[in-house]
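Quick note on labels: first sequence line is chain A, next is B, and so on, each numbered from 1. Below, all heavy atoms of this structure are taken into account, side chains as well, without hydrogens, waters or symmetry copies.
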2 protein chains.
Amino acid sequence: MTRPPKVFFLVHKAHTALIRAVDRRSRRDAGLSMTQQGVLFLLERQEGLTLGEVADALSLGKSSLSGLIDRMEERGLVRRGSGEGDGRIVRLFLAGDARALVAKSRPMVSGWNATLLAPFDAAEQKVIARFLTHVAEYAEEIVEEGAT
Amino acid sequence: MTRPPKVFFLVHKAHTALIRAVDRRSRRDAGLSMTQQGVLFLLERQEGLTLGEVADALSLGKSSLSGLIDRMEERGLVRRGSGEGDGRIVRLFLAGDARALVAKSRPMVSGWNATLLAPFDAAEQKVIARFLTHVAEYAEEIVEEGAT
DNA sequence: TTCATCTATTTCGTATACGAACAAACTCAC
DNA sequence: GTGAGTTTGTTCGTATACGAAATAGATGAA
């Protein structure tokens, strides 16, 4: 006779706690916001992504990313390059000591990930992943279609 | 041989999708941000909470909430009252048509919740709730203690 | 009483994020 | 080619959120 969990609220709580902690840590260690770290992580895996691709990958609007990249460029961590054929396209590349920053952070993030998952066995981890993916995929549809 | 899910990223994706959808919907239907709705939901359940209590319940800094309440007060949805004995305390009360707004929204939110959980059986829902609670509770500790 | 200290909230400065509106570059039908 | 419409990114205005510092009230020890 347990009621269903309030997914909405629980997701928000979990996210807030996690993101705030990571953001604080990231600002303290590297002077970068979490999103800025996200950009670096992404580019370290694949340089030359377009601004739009990076925005999509980070679930961020292009307008938000545009200003973020401005600040990162000023700090010399990222460089805007032009797309070869297409003059509209902006391709992003790592610069300065961005690679070193990522190299330092990535194992730390993996560690957090492992620790957070430690209390859950493989089957449970699958459920968790399935749930989060499900929410990411269908949230908009579900929320939009609901009756007014 | 499946790798563990990247919890961090998945939580972020799920949250972003969910919150953005709900926020857009809320602004469209009621002209309120999601956080503002959160304040109303909370006060509808228990009026007269202090500003600090509301901030904690919503995982929000007091400074953030202070300005938010300013705007809600201007719109006549909330009222600042004084704590009886203690002059520092600000107690919050619903005003205007706040109650009607909540009455309209609450069943909708319940619907979203049910739909999001529909593909998961009771046991799986328990795992999901346990995981989200776990993250909310230990994220800060885990992220802070990690090696530099 | 009175001064130091603690607590609850507000103010301040900055970063982040959104959507709308815009500009520039491309594509395609003709 | 030319003009309509699309795609890509930037700019603009506003709301949200944070942390640090300031304010105002409460509490307690001398």
Side-chain angles (χ1 to χ4, degrees), chain A residues 12 15-28 30-39 48-75 77-92 140, chain B residues 12-13 15-28 30-39 48-75 77-78 80-92 140:
Chain A
H12 183 59
H15 178 265
T16 302
L18 185 54
I19 265 47
R20 275 230 287 255
V22 172
D23 193 65
R24 261 203 300 269
R25 180 81 199 243
S26 171
R27 284 175 196 279
R28 190 149 36 81
L32 292 172
S33 74
M34 211 202 55
T35 310
Q36 291 179 326
Q37 288 273 17
V39 172
L49 291 169
T50 69
L51 191 142
E53 284 166 345
V54 172
D56 285 351
L58 298 178
S59 308
L60 204 64
K62 289 175 198 169
S63 65
S64 311
L65 186 56
S66 190
L68 200 82
I69 297 294
D70 287 347
R71 291 184 287 274
M72 294 182 76
E73 233 181 347
E74 276 170 23
R75 295 208 20 205
L77 291 171
V78 151
R79 186 171 59 74
R80 275 180 167 94
S82 56
E84 308 71 49
D86 191 333
R88 292 168 301 181
I89 283 178
V90 168
R91 293 195 180 278
L92 299 175
E140 176 157 4
Chain B
H12 183 58
K13 276 275 212 203
H15 178 265
T16 303
L18 185 54
I19 265 49
R20 275 231 289 254
V22 172
D23 193 64
R24 262 203 301 269
R25 179 82 197 242
S26 170
R27 284 176 196 277
R28 191 148 37 81
L32 292 172
S33 75
M34 211 200 57
T35 310
Q36 292 179 326
Q37 287 274 17
V39 172
L49 292 170
T50 69
L51 190 142
E53 284 166 345
V54 172
D56 286 349
L58 298 178
S59 307
L60 202 63
K62 290 175 197 168
S63 65
S64 311
L65 186 57
S66 191
L68 200 81
I69 297 293
D70 287 348
R71 291 184 287 273
M72 294 182 77
E73 233 180 347
E74 277 169 23
R75 294 211 17 206
L77 290 170
V78 150
R80 275 179 166 95
S82 56
E84 307 70 51
D86 192 332
R88 293 166 300 180
I89 284 179
V90 168
R91 291 193 182 280
L92 299 175
E140 176 156 4

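- Put simply, A:Ser66 has a side-chain N or O that comes within less than 4.0 Å of OP1 or OP2 on D:dT10.
- The A:Leu51 side chain lies nearest to D:dT10 when the options are D:dT16, C:dT9, D:dT10.
- Put simply, the side chain of B:Arg75 never gets that close to the backbone of B:Leu32: no donor and acceptor are under 3.5 Å apart.
- With rounding to the nearest 0.5 angstrom, the OG1 atom of B:Thr35 is 7.0 Å from the CG atom of B:Leu58.
- Taking only distance into account, the side chain of B:Arg88 never meets the base of C:dT9 through a donor-acceptor pair shorter than 3.5 Å.
- The side chain of B:Arg71 contributes no N or O atom lying less than 4.0 Å from OP1 or OP2 of D:dA15.
- As a whole-Å value, the separation of A:Met34 CE from C:dT16 C1' is 11 Å.
- Looking at heavy-atom distances under 4.0 Å, A:Leu68 makes contact with sugar-phosphate atoms alone, never a base.
- Remark on DNA chain D: of its neighbouring residues B:Ser33 and A:Arg24, the 5'-side contact belongs to B:Ser33, judged by nearest-heavy-atom nucleotide.
- Backbone-only contact: B:Arg80 has heavy atoms under 4.0 Å from sugar-phosphate atoms and none from a base.
- Remark: C1' of C:dT14 and CD of A:Glu74 are 14 Å apart, rounded to the nearest angstrom.
- Within 4.0 Å of A:Glu53, counting heavy atoms only, lies no atom of the nucleic acid at all.
- The main-chain N or O of A:Ser59 is never found under 3.5 Å from a side-chain atom of B:Thr16 such that the two would form a donor-acceptor pair.
- When each of C:dA17, D:dA15, D:dA26 is scored by its nearest atom to the side-chain atoms of A:Leu60, the top-ranked nucleotide is C:dA17.
- Distance B:Ile69 CD1 to C:dA8 P: 17 Å, rounded to the nearest Å.
- Atom-to-atom, CG of A:Asp70 to C1' of C:dT16 comes out at 13 Å; the value is rounded to the nearest Å.
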How far apart are the C-alpha atoms of B:Ser82 and B:Arg91, what are their side-chain angles, what is the distance that settles it, and do they pass the side-chain contact (heavy atoms from CB on, under 4.5 Å) test? CA-CA 6 Å; B:Ser82 56; B:Arg91 291 193 182 280; over 6 Å; no

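- Using a 4.0 Å heavy-atom cutoff across all strands shown, B:Gly67 reaches no nucleic acid atom at all.
- Nearest to the side chain of B:Val90, among D:dG25, D:dT16, C:dT9, sits C:dT9.
- Heavy-atom nearest nucleotides on DNA chain C were determined for A:Leu32 and for A:Gly85, and the one closer to the 5' end corresponds to A:Leu32.
- In this structure, the CE atom of B:Met72 is 14 Å from the P atom of D:dA15, given to the nearest Å.
- If you measure from atom CG of A:Asp86 to atom P of C:dC28, you get 12 Å, rounded to the nearest angstrom.
- Contact annotation: A:Ser63 does not reach the phosphate of C:dA20 (side-chain N/O to OP1 or OP2, under 4.0 Å).
- Between A:Val54 and the choices A:Val78, A:Val39, A:Leu68, the side chain to side chain contact (heavy atoms under 4.5 Å, CB included) rule is met once, by A:Val39.
- Evaluation of the salt bridge (Lys or Arg N to Asp or Glu O under 4.0 Å) test over residues 63-72 of chain A, restricted to residues two or more places apart or in two chains, returns A:Asp70-A:Arg80.
- Across the protein-nucleic acid pair, B:His15 atom NE2 and C:dA17 atom C1' stand 13 Å apart, rounded to whole Å.
- We find that CG of B:Leu65 is positioned 13 Å from P of C:dT11, with the value rounded to whole Å.
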